[in-house]
Amino acid sequence: MEKIIIFDTTLRDGEQSPGASLNNKEKLEIAKQLETLGVDVIEAGFPASSPGDFESVKAIAKTIKKAIVCGLARAVKSDIDAAYRAVRPAKNPRIHVFLATSKIHMKYKLKKAKSEILKTAVWAVKYAKRKVKDVEFSPEDASRTDKRFLYEVVEAVIDAGATTVNIPDTVGYATPYEFGELIKGIKMNVPNMHKAVISIHCHNDLGLGVSNSLAAILNGARQAECTINGLGERAGNASLEEIVMAIATRGDILNFKTKIKTKEIYKTSRLVSKLTGIPVQPNKAIVGANAFAHEAGIHQDGLLKERTTYEIMKPQHVGFEETKLVLGKHSGRHALKARLKKMGYTLTDKEVGKAFVRFKKLADKKKQIFDEDLAAIVEDEIGTTPEVYKLVSFYILSGNKVTPSATVTLKHEGRNLIASSTGDGPVDACYKAVEKIAFIKPKLLSYNLSAVTAGEDALGEVSIRIKIKKHEVNGRGASTDVVEASLKAYLNALNKFKVLNAK
Ligand code: KIV
Ligand code: ZN
């Protein structure tokens with residue numbers, strides 16, 4: 001299997017996304033994560049564009065050890081000098097020189113003739129080559145460049161020492177078949193092409209960035225330039241995660257490998273989104289919140305029977321925890337049953353049926369049903385909370401001349417667990433003992449004791465509300481002994497929390 005070199009340009013082209021500016025500390029954090037992800041090349045920035053960019057490329061060059069660190073430069077001396085000074089500390093430095101070759105760019109932007117462009121490109125590559133071994137050249141707007149001229153430029157820059165020639169679809173104009181043919185044409189018509197790697201750099205203006213990249217790979221490109229979350233100028237660049245996962249998933253057609261540790265993809269995507277402030281659309285392939293979420297009842301039923309009916313990748317392979325069955329009005333009984341089981345409720349079919357009727361009614365009013373809603377439905381309809389922690393016994397010592405203390409024994413996963421604690425009173429001591437056993441530290445929001453029945457042997461009922469992590473849960477317990485009622489209420493709340501927190 002041939003390897004595809006993954007060239008990440010999140011910190012350069014990605015940072016050109018409107019509104020995506022990053023400070024140097026953030027860029028370094030992203031660069032470290034890109035290295036963990038396993039990218040081969042990190043294009044860290046455009047050193048001549050600003051002193052800040054220069055400093056951040058330099059800091060990245062000093063820190064990154066495994067990946068090649070690349071700096072972008074126009075085909076001018078001052079840019080190449082700046083790029084060199086910035087990438088020089090890197091273990092593997094690269095200078096990436098670009099110069100436009102399309103008629104439109106040469107005429108209106110550069111106001112230069114073909115011969116001058118060719119001469120400048122060769123000079124720039126030779127100049128960069130005097131500084132580093134690894135030089136990449138990009139004929140900007142290559143997909144709109146006259147083919148004969150493109151072949152001529154590519155051949156000349158390889159002769160000048162370029163080790164990678166990148167073919168950018170700068171304005172995202174190409175279509176897959178056409179772009180694949182362009183790469184094939186370069187391979188066939190540039191006599192020294194075997195001396196350099198063909199790279200591609202596809203923008204997404206027509207939403208074809210990834211398709212064009214894959215077509216190019218199938219026709220001989222061996223380096224893919226891409227960005228996390230598809231960030232980049234205008235509509236962005238081809239997304240790294242989509243290219244990598246297409247290769248990983250469709251080995252039957254794309255018989256290639258990359259060095260990417262796919263399990264790091266989601267984490268990297270989250271980091272880039274957090275630091276750039278650019279959210280990932282929920283339906284974004286591979287990393288969107290809904291990429292592995294299923295709502296339709298037919299799909300959920302299929303998935304529960306066999307995951308591959310509706311999933312072509314395992315969410316865990318890209319770093320998601322698991323497939324998400326979103327419970328909403330399209331969901332079916334199977335999905336509800338599976339979710340309740342996961343939460344710890346083992347219900348009979350009749351009980352699931354009852355819960356399902358309530359669930360459907362609620363789903364008509366509410367877009368998404370959360371675990372808290374399900375817990376409330378089951379509590380109300382069936383009146384059960386799984387006893388994750390069950391009271392076995394308690395012993396208290398209390399009085400006006402002693403520090404109240406308690407020893408509590410709970411049954412958990414078949415074992416008796418015991419803990420002792422002191423407290424402000426017997427109830428407080430019991431609660432603290434429970435906290436030691438369950439390794440939790442909830443906040444007691446309210447505590448209420450009332451007599452349920454009249455008379456001396458009245459049943460005391462305790463209702464409490466506690467907050468653990470993000471969940472606020474109620475608990476209820478009744479007994480003729482107020483300490484026991486308090487303990488039962490606490491365990492009832494704790495068990496509800498365990499259900500909500502169940503993965
Ligand atoms: O899109 C483009 O052409 C570029 C070049 C600098 C490679 O970003
Ligand atoms: Zn670009």
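Residue numbers count from 1 along this sequence. When reading the values below, keep in mind they use all heavy atoms of this one structure, side chains included, and skip hydrogens, waters and symmetry mates. Ligands are counted one by one from 1 in listed order, and the atoms in each one are counted from 1 as well.
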When you measure from [atom] to every protein heavy atom, which one gives the shortest distance, and what is it?
atom	answer
atom 4 (C) of ligand 1	His201 NE2, 3.5 Å
atom 3 (O) of ligand 1	Thr170 OG1, 2.6 Å
atom 5 (C) of ligand 1	Arg12 NH2, 4.0 Å

[X] with [Y]: basic N within carboxylate O range, under 4.0 Å:
X	Y	value
Asp205	Arg234	yes
Glu264	Lys261	no
Lys257	Glu2	no

Quiz question: by atom type and distance under 3.5 Å, do the side chains of Thr308 and Glu306 form a donor-acceptor pair?
yes
His203 and side chain to side chain donor-acceptor pair (under 3.5 Å): which partner among Asp13, Asp169, Thr170, Asn212?
Asp13
Can the positive tip of Arg130 be found less than 6.0 Å from the middle of the six-membered ring of Tyr127, inside 45° of the ring normal?
no
Enumerated ligand 1 atoms positioned under 4.0 Å from heavy atoms of [X]:
X	result
Asp13	8 (O)
Glu140	3 (O)
His203	1 (O)

Lys365 atom NZ, neighbour heavy-atom count above 12 within 6.0 Å
no
Can you tell me if, anywhere in Glu225, an N/O/S atom lies at a distance from the Zn ion (ligand 2) that is smaller than 2.8 Å?
no
Geometry at the Zn ion (ligand 2) - His203 NE2 versus Asp13 OD2 angle, rounded to 10 degrees
100°
Which segment of Glu233 sits under 4.0 Å of ligand 1 when only heavy atoms are counted:
neither
